[in-house]
Amino acid sequence: MCNSCRTSYLIGQWQSNNWTLNGGLRYDNNLLSVEDQFLSNGDSSDEINLNAISPQLGFSYQIGTISLFGGYSSGYETPTLSELSATIDSQGGFNRDLDIQQARQFELGMRYLSNKLRGSLVWYNIATQNDILPYESASFPSQTLYQNIGETRRTGVEWEVNYQPLPRLRIQANYNRANNTFENETFKGNKLPGIAKDFGSISIRRELSEKLAVTFKRTYRGTLFANNDNSVELPKISIANLEMMWITKRGVLSGGIQNLFNKIYSDNIRINAFGRRFYEAALPRQVYTSLSVRW
């Protein structure tokens, strides 16, 4: 549990005509502790103190229906209690070798807003230190352990669009393509495991009447690697789902088909699994219904 989580921050904003500038500074102090209630095999109580400073600076400029924006930000992520408690010696307490994951991000982008069309295009560059990744040990093959893997870099472009050409027709789409690599010496230049080089989705919603609507959605995931040394690669996959929804004053009745074309693929990837046990198969085609009632 978090015995003591203290946060101090300073934020400010300045606006003039079409310009907006904002900035902030945040300090976090996290004291995490665990109390062992089963003392028959020894006392494994422990505590650890994790701190971080996070600055942020951003801007935006409005030109009619277009907004340009950008900025720099720094953030952090403390290990979760389950990650800290996964120790290789199984003696309890916290893994003292696991540290805070910190990130520094730059981004530049553009947003567009009109009556029928909304969209954005963003370039980003994220550099992290002490990235936390799971792995398995030959000594404990059934236990997921965690380690700081060093420096990484994520550079990419993402866009999204929401288009309504007709009053009862809406199209939503998004796509992300990135280069996610290790920057440390051991795996320098290798791709980060478990993250596809590109992914996206498109959704088409058609209202057949005031109460009845049907939605078709297709999601795409590009190739990805299952381990740090990039020796195991998973192929790209595209999955389709179909849903119909009937809405009344008293409730909502919906139903649909997931994995419409019954694709066979791996959904959950066990990163750096021991004995090449990387794959967990996704569910086949499924038909479902749902009913919610309001009183």
Side-chain angles (χ1 to χ4, degrees), residues 60 62-69 107-124 126 154-180 194-225 233-269 279-294:
S60 66
Q62 188 75 33
I63 312 173
T65 57
I66 296 176
S67 175
L68 305 177
F69 64 91
E107 68 173 12
L108 290 172
M110 176 183 68
R111 295 189 184 96
Y112 177 82
L113 177 61
S114 67
N115 292 333
K116 293 185 176 182
L117 178 65
R118 291 181 295 165
S120 66
L121 177 66
V122 182
W123 168 87
Y124 62 87
I126 305 173
R154 298 167 171 84
T155 303
V157 175
E158 62 181 11
W159 63 263
E160 62 178 354
V161 63
N162 189 322
Y163 180 48
Q164 190 169 5
L166 300 171
R168 293 187 175 181
L169 177 63
R170 183 181 298 275
I171 302 172
Q172 294 176 293
N174 64 79
Y175 180 73
N176 182 299
R177 186 174 183 87
N179 187 32
N180 308 303
I195 305 176
K197 68 175 183 180
D198 62 335
F199 55 88
S201 69
I202 182 169
S203 174
I204 303 173
R205 177 184 172 89
R206 174 63 168 160
E207 296 180 6
L208 304 178
S209 68
E210 292 183 357
K211 297 182 179 181
L212 187 63
V214 60
T215 302
F216 175 81
K217 183 176 183 180
R218 180 176 283 274
T219 59
Y220 165 80
R221 185 196 72 196
T223 58
L224 58 84
F225 293 100
E233 183 178 7
L234 282 79
K236 60 185 178 182
I237 186 69
S238 180
I239 303 299
N241 301 317
L242 185 66
E243 182 182 55
M244 182 169 286
M245 184 176 294
W246 184 51
I247 304 173
T248 68
K249 292 182 179 179
R250 291 295 183 183
V252 178
L253 175 64
S254 64
I257 305 174
Q258 294 181 330
N259 194 358
L260 180 63
F261 301 111
N262 203 27
K263 294 287 186 70
I264 298 175
Y265 68 103
S266 295
D267 185 18
N268 183 39
I269 309 303
Y279 314 102
E280 292 187 7
L283 294 173
R285 182 191 295 120
Q286 298 180 86
V287 178
Y288 68 92
T289 59
S290 173
L291 174 65
S292 63
V293 180
R294 295 186 295 268

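Numbers here simply count residues along the sequence, with the first being 1.
Listed by first and then second residue, the salt bridge (charged side-chain N to carboxylate O under 4.0 Å, His left out) pairs that reach into residues 203-221 come to none, sequence neighbours excluded. Sorted by first and then second residue, the pairs that involve residues 161-179 and meet salt bridge (charged side-chain N to carboxylate O under 4.0 Å, His left out), not counting sequence neighbours, are Arg177-Asp198.
With 3.5 Å as the limit, one finds no donor-acceptor pair spanning the side chains of Asn174 and Glu160.
Taken from CD in Gln172 to CD1 in Ile202, the straight-line distance is 10.0 Å, to the nearest 0.5 Å. Here the CG-OG distance, from Leu113 to Ser120, works out to 11.5 Å after rounding to the nearest 0.5 Å. Note that CD1 of Ile257 is 10.0 Å distant from CE of Met244, once rounded to the nearest 0.5 Å. From Tyr124, atom OH reaches atom CZ of Arg154 across 9.0 Å, with rounding to the nearest 0.5 Å.
Asn259 contributes a side-chain N or O that, together with a main-chain N or O of Leu283, makes up a donor-acceptor pair within less than 3.5 Å. Remark: the backbone N or O of Arg285 is paired with a side-chain donor or acceptor of Asn262 at under 3.5 angstrom. Distance alone, capped at 3.5 Å, places no donor-acceptor pair between the Glu233 side chain and the Pro235 backbone.
The two residues Asn180 and Ala196 have their closest heavy-atom pair at ND2-O, 4.0 Å. Between Ile66 and Tyr112, the shortest heavy-atom contact is CG1-CD1, 3.8 Å. Of all heavy-atom pairs spanning Trp159 and Ala173, the tightest one is CZ3-O, 3.9 Å. Nearest heavy-atom pair, Tyr288 versus Glu243, reported as atom, atom and distance to 0.1 Å: OH-OE2, 3.1 Å. For the residue pair Ile239 and Lys263, the shortest heavy atom distance occurs at CD1-CB, 3.6 Å. Scanning both residues, Met110 and Phe69, for their nearest heavy atoms gives N-CE2, 3.4 Å.
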* **Intermediate values then yes/no, side chain to side chain contact (heavy atoms under 4.5 Å, CB included), Thr155 and Trp123** => CA-CA 8 Å; Thr155 303; Trp123 168 87; 3.8 Å; yes

* Asked: Would Tyr265 and Leu234 count as a side chain to side chain contact (heavy atoms under 4.5 Å, CB included) if you check the C-alpha gap in whole Å, the side-chain angles of each, and the deciding distance to 0.1 Å?
  -> CA-CA 9 Å; Tyr265 68 103; Leu234 282 79; over 6 Å; no

* From CA spacing to verdict: side chain to side chain contact (heavy atoms under 4.5 Å, CB included), Leu68, Leu108 -> CA-CA 8 Å; Leu68 305 177; Leu108 290 172; over 6 Å; no

* For Leu224 and Phe199, run side chain to side chain contact (heavy atoms under 4.5 Å, CB included): C-alpha distance rounded to whole Å, both residues' side-chain angles, the deciding distance at 0.1 Å, then the answer. => CA-CA 10 Å; Leu224 58 84; Phe199 55 88; over 6 Å; no

